[in-house]
Visitor: 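Please see the structure below; I have some questions.
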Amino acid sequence: GAVVSQHPSWVICKSGTSVKIECRSLDFQATTMFWYRQFPKQSLMLMATSNEGSKATYEQGVEKDKFLINHASLTLSTLTVTSAHPEDSSFYICSAARLEDLFFGPGTRLTVL
Amino acid sequence: AQTVTQSQPEMSVQEAETVTLSCTYDTSENNYYLFWYKQPPSRQMILVIRQEAYKQQNATENRFSVNFQKAAKSFSLKISDSQLGDTAMYFCAFMKGSSNTGKLIFGQGTTLQVKP
């Protein structure tokens with residue numbers, strides 16, 4: 001099956017700094033990728049839809065200036081958490097669509113001190 | 001707006017027995033897909049089963065099967081011959097038809113513990 005990778009798998013940063021998370025489709029091209037956030041023992045909440053070559057579409061309540069998404073190529077989308085605070089600590093998961101199938105990345109655990 | 005509800009936060013089952021996880025959803029769409037995903041402790045999301053709304057026949061994948069009741073907007077997952085490796089969090093998810101491919105709405109999740 002298709003593979004989606006995320007880097008890093010775990011990152012710890014200080015409050016006020018910015019963190020970039022990468023999502024790559026390794027063996028297929030993805031014009032659309034999705035970013036989810038998952039707090040411990042909770043469900044996945046869709047944050048935004050990342051569209052190659054255009055602006056991301058954010059879900060209601062998600063601050064677009066805080067969670068910057070860039071989809072510069074057909075195999076890479078990045079999520080940058082700007083001026084991170086402890087409440088941004090969470091598990092971030094991306095997914096990519098290929099035809100009618102969806103493939104999830106392994107997730108990135110962000111801890112903000 | 002679409003909603004997905006899983007009313008069982010936690011469930012347990014003895015190894016080799018059968019367990020059913022419940023899921024209901026609400027939508028005004030006629031063309032959509034429903035999924036069950038498994039999230040083990042590694043947190044990697046794994047597709048368990050998928051159902052197209054236009055198909056009346058319930059989807060099956062080996063030990064996993066669904067009971068899709070479109071009129072009742074119900075989509076339960078049955079796991080037969082439960083195995084220790086089935087221990088995980090299970091999410092029911094909804095996706096609109098092809099124009100929104102990939103955009104999933106998840107239920108709250110059910111944590112399943114398979115006991116030896």
Visitor: Quick one: closest heavy-atom pair of A:Phe104 and B:Leu104, and the distance?
Guide: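 Scanning both residues completely, I find the closest heavy atoms to be CZ-CD1, 3.7 Å.
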Visitor: Between B:Ile105 and B:Tyr33, is there shared hydrophobic-cluster membership here, with clusters defined by ILVMFWY side-chain heavy atoms closer than 4.5 Å?
Guide: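 Different clusters.
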Visitor: At their closest point, which heavy atom of B:Gly107 faces which heavy atom of A:Ser43, and how far apart are they?
Guide: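 Heavy atoms of B:Gly107 and A:Ser43 come nearest at O-OG, 2.5 Å.
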Visitor: Quick check: are there more than 12 heavy atoms from other residues, nucleotides or ligands sitting under 6.0 Å from CE of A:Met45?
Guide: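 Incorrect, the count does not exceed 12.
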Visitor: Atom CZ in B:Arg43, atom CD in A:Gln38: separation rounded to 0.5 Å?
Guide: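 Rounded to the nearest 0.5 Å, the CZ-CD separation comes to 4.5 Å.
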Visitor: Are A:Val11 and A:Val112 grouped together when hydrophobic residues (ILVMFWY) are joined by side-chain heavy atoms under 4.5 angstrom apart?
Guide: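 The answer is yes; both residues are in one hydrophobic cluster.
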Visitor: Check each atom of A:Leu44 against the heavy atoms of chain B and say whether the ones under 4.5 Å are side chain, backbone, both or neither.
Guide: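 The answer is both parts of A:Leu44.
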Visitor: Treating Ile, Leu, Val, Met, Phe, Trp and Tyr as nodes and any side-chain heavy-atom pair under 4.5 angstrom as an edge, say whether A:Tyr36 and B:Leu47 lie in one connected cluster.
Guide: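 Yes: a chain of side-chain contacts under 4.5 Å links A:Tyr36 to B:Leu47.
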Visitor: Quick one: do B:Phe106 and B:Val4 end up in the same hydrophobic cluster if we chain Ile, Leu, Val, Met, Phe, Trp and Tyr together by side-chain heavy atoms under 4.5 Å apart?
Guide: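 No, because B:Phe106 and B:Val4 fall into different hydrophobic clusters, even though each may have its own neighbours under 4.5 Å.
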Visitor: Does A:Ile69 belong to the same Ile/Leu/Val/Met/Phe/Trp/Tyr cluster as A:Met33, with side-chain heavy atoms less than 4.5 Å apart forming each link?
Guide: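 No; A:Met33 is not reachable from A:Ile69 via cluster members.
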Visitor: Within residues 62-94 of chain B, which residues come under 4.5 Å of chain A, heavy atom to heavy atom?
Guide: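 B:Met89, B:Phe91, listed by number.
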Visitor: Please classify the contact of A:Glu59 with chain B as side chain, backbone, both or neither, using a heavy-atom distance under 4.5 Å.
Guide: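 Just the side chain, heavy atoms under 4.5 Å.
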Visitor: Looking at A:Glu87, I want to see if its CD is surrounded by more than 12 non-hydrogen atoms of other residues, nucleotides or ligands under 6.0 Å.
Guide: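 Atom CD in A:Glu87 is crowded, with more than 12 foreign heavy atoms closer than 6.0 Å.
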Visitor: I'd like to check A:Leu102 versus B:Met95 (side-chain heavy atoms, cut-off strictly below 4.5 Å). Are they in contact?
Guide: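 A:Leu102 reaches B:Met95 side chain to side chain.
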Visitor: Quick one: of B:Arg50, B:Gln108, B:Gln44, B:Gln6, who has the most non-hydrogen atom pairs under 4.5 Å with chain A?
Guide: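 The option with the most such pairs is B:Gln44.
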Visitor: Could you tell me whether B:Lys115 atom NZ has more than 12 heavy atoms of other residues or ligands within 6.0 Å of it?
Guide: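 Open.
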Visitor: At a 4.5 Å cut-off on heavy atoms, which part of B:Gln39 comes close to chain A: side chain, backbone, both, or neither?
Guide: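 Looking at B:Gln39, just its side chain touches chain A.
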